[in-house]
Amino acid sequence: MNGNQAVVGGAIALAAVICAGAASDHLPGDGGSAVLVEEVYTVRPGDTLWGIAETYVEKNTGSCRSIPEYKESIYENNPWLVDRKGLIRPGDELRMTYWV
C-alpha cells in the first residue's frame, strides 16, 4: 500500500465515522436523554401524509429530521400504507413516533 492509498483509506474510514454519528437518533450533546413518544393519530378529512409529517416533525424536538424523512417513517410504522400506495382515509389510525 502506498501513501496515497493510505490517505484515501483513512478518509473513507473518517467519512464512515462521521456518517454513523449523523445517523444517530439524538442531538449532539444531549447525552442520550431523548425519549421516544408513541401515539396513534386518527386521520381527519383533508389530511395528507405530508401534512401529518409536517405536524409531527415539529413535535420531534429530540432529533433532527426532515419532512420527507418523517413521511418515510410513517410508512415504516404503518406498513399497510404500502399496499394502499399511501392512500389514507378519514378514520384510519396511524402509529406515530417522535423524539422529545
Engineer: Counting distance only, does the side-chain N/O of Glu58 pair as donor-acceptor with the main-chain N or O of Thr55 below 3.5 Å?
Structural biologist: no
Engineer: Would a distance-only check, ignoring hydrogens and angles, find a side-chain to backbone donor-acceptor pair under 3.5 Å from Asp92 to Arg89?
Structural biologist: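 Yes.
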Engineer: Would a 4.5 Å heavy-atom cut-off, applied to side chains only, mark Asn77 and Leu94 as touching?
Structural biologist: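 SC-SC contact between Asn77 and Leu94 ruled out.
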Engineer: Measure the spacing between CD of Glu38 and OG1 of Thr97 and express it to the nearest 0.5 Å.
Structural biologist: 6.5 Å
Engineer: List the atom of Arg65, the atom of Ser73, and the distance in Å for their closest heavy-atom pair.
Structural biologist: NH2-CB, 3.1 Å
Engineer: Test of understanding: clusters of I, L, V, M, F, W, Y form through side-chain heavy atoms closer than 4.5 Å, transitively. Do Leu49 and Val82 belong to the same one?
Structural biologist: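 Leu49 clusters together with Val82.
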Engineer: Quick one: NZ on Lys71 to CD on Glu54, what's the gap to the nearest 0.5 Å?
Structural biologist: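 Reported to 0.5 Å precision, the distance equals 11.0 Å.
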Engineer: Without swapping roles, check the side chain of Asp47 against the backbone of Val43 for a donor-acceptor pair under 3.5 Å.
Structural biologist: no
Engineer: Show the nearest heavy-atom pair for residues Val100 and Thr61, with the distance to one decimal.
Structural biologist: CA-OG1, 3.5 Å
Engineer: Going by ring-ring contact (aromatic ring centres under 6.0 Å, His included), name the pairs with one or both residues in residues 62-87, residues two or more places apart or in two chains.
Structural biologist: none
Engineer: First locate atom CE of Met96, then atom OH of Tyr41, and finally report the distance between them rounded to the nearest 0.5 Å.
Structural biologist: 8.5 Å
Engineer: So, Glu39 and Lys59, do they make that salt bridge, N to O below 4.0 Å?
Structural biologist: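 Yes, Glu39 and Lys59 are salt-bridged.
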Engineer: Sequence neighbours excluded, which residues qualify as side-chain contact (heavy atoms from CB on, under 4.5 Å) partners of Thr48?
Structural biologist: Trp50
Engineer: Atom OG1 in Thr42, atom CD1 in Ile88: separation rounded to 0.5 Å?
Structural biologist: 11.5 Å
Engineer: Starting at SG of Cys64, measure out to CH2 of Trp99 and round the result to the nearest 0.5 Å.
Structural biologist: 13.5 Å
Engineer: Using every non-hydrogen atom in the two residues, find where Ala34 and Gly62 come nearest and quote the distance to one decimal.
Structural biologist: CB-O, 3.8 Å
Engineer: So, does Asn78 use its side chain to make a donor-acceptor pair with the main chain of Arg95 at under 3.5 Å?
Structural biologist: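 Flag set: sc Asn78 to bb Arg95 pair under 3.5 Å.
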